[in-house]
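Heads up: the structure comes next, in structure tokens.
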Amino acid sequence: KLAHLPYRKTLEEFDFAFQPSIDERLIRELATMTFVTRHENVLFLGPPGVGKSHLAVALAVEAISQGISVYFVSLSHLIEDLRKAYMENRLDKRIRIYIRPKLLVIDEIGYLPFDSLAANLFFQVVSARYERGSILLTSNKSFGEWGELMGDPILATAILDRLLHHSHIVNIRGNSYRLREKMRTGAYG
Ligand code: ADP
């Protein structure tokens with residue numbers, strides 16, 4: 001299980017022509033991994049199916065090929081893992097898994113609401129990595145919706161403050177690639 005990637009996708013397999021709102025040059029620049037050396041974050045935002053996870057995996061693959069340590073995790077897995085560690089009084093040890101790698105990829109923020117422990121655990125990870133190691137995350141929620149998502153607008157602001165301070169934001173507006181075939185075959189017509 002290389003860096004816990006859920007599957008393997010590359011930038012070469014990504015059809016930039018299908019998603020014109022993505023600046024291909026920025027993605028190619030991110031693939032040089034300079035952002036990791038600078039401890040900057042990358043945020044892919046947009047509706048489901050526009051390629052956020054694909055790009056996150058592809059950049060993780062690129063990082064690994066350059067010898068950069070990477071850990072890939074979905075937000076729900078991260079929270080459940082740290083929640084369990086917290087309950088068992090071994091949070092300090094377990095959280096290191098998410099602090100040590102040079103690049104931490106957190107996929108799918110926004111599909112599940114946070115309770116207050118979840119929001120606190122997420123804050124701890126973001127704080128511990130702040131200006132020390134990069135986070136690449138994907139979310140279907142805009143920043144304005146994070147307060148409600150986390151059930152705590154002040155904590156959400158503190159998290160966003162740290163995430164966005166040194167960051168590259170990729171806003172993707174467009175159609176779901178998953179529905180492409182269906183639209184082409186007229187299933188939606
Ligand atoms: P999101 O994370 O935004 O919900 P995904 O990255 O999971 O979307 O994309 C859904 C599926 O469509 C995946 O199989 C992905 O590889 C594919 N896909 C999405 N956008 C593109 C694209 N522009 N070119 C090639 N495949 C794409």
Side-chain angles (χ1 to χ4, degrees), residues 1-33 35-36 40-66 68 70-81 98 101 103-114 118-119 122 125-126 129 134-150 156 159-160 163-164 167-189:
K1 278 189 301 180
L2 195 56
H4 289 245
L5 294 184
Y7 47 78
R8 204 192 130 87
K9 292 265 161 117
T10 62
L11 283 185
E12 284 58 49
E13 294 166 77
F14 196 80
D15 179 6
F16 284 94
F18 181 78
Q19 215 57 266
S21 71
I22 300 176
D23 179 358
E24 181 175 352
R25 276 183 37 230
L26 171 59
I27 306 299
R28 302 266 172 220
E29 162 63 28
L30 294 174
T32 66
M33 297 297 144
F35 79 95
V36 175
E40 293 164 353
N41 299 323
V42 174
L43 297 91
F44 289 121
L45 305 179
V50 295
K52 302 182 299 296
S53 298
H54 183 137
L55 290 173
V57 170
L59 288 177
V61 167
E62 188 56 41
I64 292 162
S65 79
Q66 294 184 30
I68 292 167
V70 179
Y71 198 90
F72 190 109
V73 68
S74 69
L75 180 72
S76 59
H77 186 277
L78 170 90
I79 296 300
E80 285 329 303
D81 184 42
Y98 305 104
L103 176 61
L104 175 67
V105 183
I106 309 176
D107 198 20
E108 301 197 329
I109 290 166
Y111 288 101
L112 294 174
F114 289 65
F122 184 49
V125 171
V126 171
R129 294 190 66 87
S134 295
I135 296 178
L136 187 164
L137 66 80
T138 77
S139 179
N140 64 336
K141 291 278 193 291
S142 66
F143 300 137
E145 295 171 297
W146 280 41
E148 194 185 338
L149 176 70
M150 294 182 191
I159 290 169
L160 283 172
L163 277 177
L164 301 183
S167 67
H168 305 269
I169 298 163
V170 182
N171 266 301
I172 311 177
R173 285 164 252 95
N175 296 319
S176 167
Y177 196 85
R178 291 192 187 99
L179 299 181
R180 186 178 83 138
E181 282 300 316
K182 296 198 170 92
M183 292 195 292
R184 270 214 305 230
T185 56
Y188 279 71

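Each ligand, and each atom within it, is numbered from 1 in the order the structure gives. Quantities reported herein were computed from a predicted structural model and do not represent experimental measurements.
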Relative to F18, does R180 satisfy both conditions: NZ or CZ under 6.0 angstrom from the six-membered ring centre, and within 45 degrees of the ring's axis?
yes

Under the side chain to side chain donor-acceptor pair (under 3.5 Å) definition, can you give me all pairs with a residue in residues 17-26, not counting sequence neighbours?
E24-R28

Nearest 0.5 Å, what's the CD1-OH distance between I106 and Y98?
9.5 Å

Enumerate, one pair per line, all nitrogen or oxygen atoms of ligand 1 lying under 3.5 Å from a protein nitrogen or oxygen, stating the separation to 0.1 Å; write 'none' if no such pair exists.
residue: ligand 1; atom: 2 (O); partner: S53; partner atom: N; Å: 2.8
residue: ligand 1; atom: 2 (O); partner: S53; partner atom: OG; Å: 2.9
residue: ligand 1; atom: 3 (O); partner: G49; partner atom: N; Å: 3.4
residue: ligand 1; atom: 3 (O); partner: V50; partner atom: N; Å: 3.2
residue: ligand 1; atom: 3 (O); partner: G51; partner atom: N; Å: 3.1
residue: ligand 1; atom: 3 (O); partner: K52; partner atom: N; Å: 2.9
residue: ligand 1; atom: 3 (O); partner: K52; partner atom: NZ; Å: 2.8
residue: ligand 1; atom: 4 (O); partner: G49; partner atom: N; Å: 2.7
residue: ligand 1; atom: 6 (O); partner: S53; partner atom: N; Å: 3.2
residue: ligand 1; atom: 6 (O); partner: H54; partner atom: N; Å: 2.8
residue: ligand 1; atom: 7 (O); partner: R178; partner atom: NH2; Å: 3.1
residue: ligand 1; atom: 8 (O); partner: G51; partner atom: N; Å: 3.2
residue: ligand 1; atom: 14 (O); partner: K9; partner atom: NZ; Å: 3.0
residue: ligand 1; atom: 16 (O); partner: K9; partner atom: NZ; Å: 2.7
residue: ligand 1; atom: 16 (O); partner: H54; partner atom: ND1; Å: 2.7
residue: ligand 1; atom: 23 (N); partner: D15; partner atom: O; Å: 2.9
residue: ligand 1; atom: 24 (N); partner: D15; partner atom: N; Å: 2.8

For atom CD of Q66, decide whether the heavy atoms of other residues, nucleotides or ligands shown that lie under 6.0 angstrom number more than 12.
yes

Qualifying residues under side-chain contact (heavy atoms from CB on, under 4.5 Å), relative to S76, sequence neighbours excluded
S74, L112

Any pair with a residue in residues 45-60 that passes side chain to side chain donor-acceptor pair (under 3.5 Å), sequence neighbours left out, goes on the list, sorted by first then second residue, please.
S53-D107

